[in-house]
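In what follows, a structure is listed as structure tokens, so that the remarks can point back to it.
Computed from a predicted model, the values in this text were never measured in an experiment.
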Amino acid sequence: MSYKAQSDWQIYDQTGQRKYINNAERERFLKAADREPVHVAALCYLLCFTGCRISEALNLGRHQLDVDMHQITFQTLKRRKLHFRAVPIPANLTLMLLDLRFSDQDNFWSMHRTTAWRHIKRAMKDAGIVGPMATCKGMRHGFGVRCAENSIPLSILQRWLGHAPGSSATAIYLNMIGKEERELAERLWT
């Protein structure tokens, strides 16, 4: 993506709809994921809790899970040079990943990207999530927004998402109505 394309990107589509899942949708999505087979549920949780790209998730091998540190190391696939990034994960996600059977290549998943995308779309539909946010990318954007809402430093968020240092792409997540802005507005209403 060029610099101009990054700087023109917004968290809303051309009709003003959000491109990211919000917290309520995230909770519904994870409940829908719990009704899926364990390999699909683990993929859903991984996308929600790390903001990784679907292709980065499907590329993961067992050796990239650090059980003691509860973190997963992704190969960032949108960089010209080989680049890895470690992202912390909840302990229950570590256990979910350990419960998966591994493919012949020692990967967590042996499904094609299109198949994985269909699983995610089905879970989104079961959770009642429709619109531009009902995608894998919607979860990635939701992760970015959630991090911004919870005051995760921009440099950490940038690293977790695999954005290049100094990239303007990460700052877009700060351009939404967060908790602090809502609290300021509520002062006017009372």
Side-chain angles (χ1 to χ4, degrees), residues 1-13 18-23 26 29-30 33 42-91 93-94 96-97 100 105-117 119-120 124 132-176 178:
M1 186 183 298
S2 71
Y3 174 76
K4 174 141 176 56
Q6 285 178 358
S7 63
D8 290 346
W9 190 84
Q10 295 185 16
I11 56 175
Y12 300 100
D13 72 2
R18 281 181 289 108
K19 292 183 186 178
Y20 61 92
I21 64 169
N22 63 28
N23 290 333
R26 179 179 161 274
F29 175 76
L30 292 174
L43 179 61
C44 292
Y45 272 75
L46 184 75
L47 293 171
C48 260
F49 284 108
T50 65
C52 71
R53 297 170 180 93
I54 189 85
S55 53
E56 292 171 338
L58 297 176
N59 196 42
L60 284 172
R62 180 187 344 210
H63 64 281
Q64 290 168 277
L65 174 63
D66 186 331
V67 176
D68 297 327
M69 296 294 292
H70 296 292
Q71 69 182 23
I72 194 101
T73 303
F74 295 100
Q75 179 182 351
T76 303
L77 298 178
K78 286 233 173 173
R79 294 258 189 111
R80 290 180 190 188
K81 293 183 181 179
L82 186 63
H83 183 265
F84 292 91
R85 68 185 193 278
V87 179
I89 58 174
L93 179 52
T94 300
M96 286 176 86
L97 293 171
L100 295 178
Q105 294 92 12
D106 206 31
N107 285 5
F108 287 106
W109 296 277
S110 60
M111 67 180 87
H112 188 272
R113 187 174 185 269
T114 306
T115 302
W117 189 83
H119 287 305
I120 300 303
M124 288 282 184
M133 73 289 290
T135 64
C136 297
K137 201 159 202 169
M139 278 191 289
R140 180 171 169 80
H141 296 321
F143 176 79
V145 167
R146 187 169 165 83
C147 286
E149 286 177 336
N150 286 283
S151 303
I152 299 295
L154 194 58
S155 60
I156 301 287
L157 175 55
Q158 205 165 44
R159 187 172 64 223
W160 288 350
L161 289 174
H163 293 164
S167 168
S168 63
T170 316
I172 198 69
Y173 298 114
L174 303 176
N175 293 334
M176 34 61 81

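Between the side chain of Asn59 and the main chain of Ser55, no donor-acceptor pair closer than 3.5 Å is present. In this structure a side-chain-to-backbone donor-acceptor pair under 3.5 Å is missing from Gln64 to Ile72.
How far CG of Leu43 is from SG of Cys52: 7.5 Å, rounded to the nearest 0.5 Å. Distance check: Ile11 CD1 to Met133 CE gives 11.5 Å after rounding to the nearest 0.5 Å. Separating the SG atom in Cys147 from the CD atom in Gln158 is a distance of 12.5 Å, to the nearest 0.5 Å. The CG atom of Leu47 sits 11.0 Å away from the CZ atom of Phe143 when rounded to the nearest 0.5 Å. A distance of 8.0 Å separates CH2 in Trp117 from OG1 in Thr135, rounded to the nearest 0.5 Å. In this structure, NE2 on His163 lies 13.5 Å from OG on Ser155, to the nearest 0.5 angstrom.
Listed here is the closest heavy atom pair of Ile54 and Cys136: CD1-SG, 3.9 Å. Residues Thr73 and Ala86 approach most closely at OG1-CB, 4.0 Å, considering heavy atoms. Nearest heavy atom pair, residue Leu161 against residue Arg140, reads O-NH2, 2.7 Å. Closest heavy-atom contact between Cys48 and Phe29: SG-CD2, 3.7 Å. Residue Ala116 comes nearest to Leu58 through the heavy atom pair CB-CD1, 3.9 Å, listed as atom of the first residue, atom of the second, then distance. Here the closest non-hydrogen pair linking Leu97 and Ala42 is CD2-CB, 4.3 Å.
For Lys19 and Asp13, the salt-bridge test fails: no basic side-chain N is under 4.0 Å from an acidic carboxylate O.
In terms of the side chain to side chain contact (heavy atoms under 4.5 Å, CB included) criterion, residue partners of Asp66 (sequence neighbours excluded) are, by chain and number, Asp68, Met69, Gln71. In this view, Pro90 and Phe49, Asn92, Leu93 satisfy the side chain to side chain contact (heavy atoms under 4.5 Å, CB included) rule, not counting sequence neighbours. Annotation: side chain to side chain donor-acceptor pair (under 3.5 Å) contacts of His70 (sequence neighbours excluded): Thr94. With sequence neighbours left out, the side chain to side chain donor-acceptor pair (under 3.5 Å) criterion links Arg26 to no other residue. Listed by chain and number, the residues in a side chain to side chain donor-acceptor pair (under 3.5 Å) with Glu56 are Arg53, Arg85 (sequence neighbours excluded). Residues meeting the side chain to side chain contact (heavy atoms under 4.5 Å, CB included) test with Thr115, sequence neighbours left out: Met111, His112, Arg118, His119. In this view, Asn22 satisfies the side chain to side chain donor-acceptor pair (under 3.5 Å) rule with no residue, not counting sequence neighbours. Residues forming a side chain to side chain contact (heavy atoms under 4.5 Å, CB included) with Arg159 (at least two apart in sequence, or on another chain): Ile156.
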Would you please test His141 and Arg18 for side-chain contact (heavy atoms from CB on, under 4.5 Å) and show each step? CA-CA 10 Å; His141 296 321; Arg18 281 181 289 108; over 6 Å; no

Evaluate Trp160 against Thr50 for side-chain contact (heavy atoms from CB on, under 4.5 Å), listing each step before the verdict. CA-CA 7 Å; Trp160 288 350; Thr50 65; over 6 Å; no

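At least one side-chain heavy atom of Leu65 sits less than 4.5 Å from a side-chain heavy atom of Ile89. The closest side-chain heavy-atom distance from Leu46 to Met96 is not below 4.5 Å.
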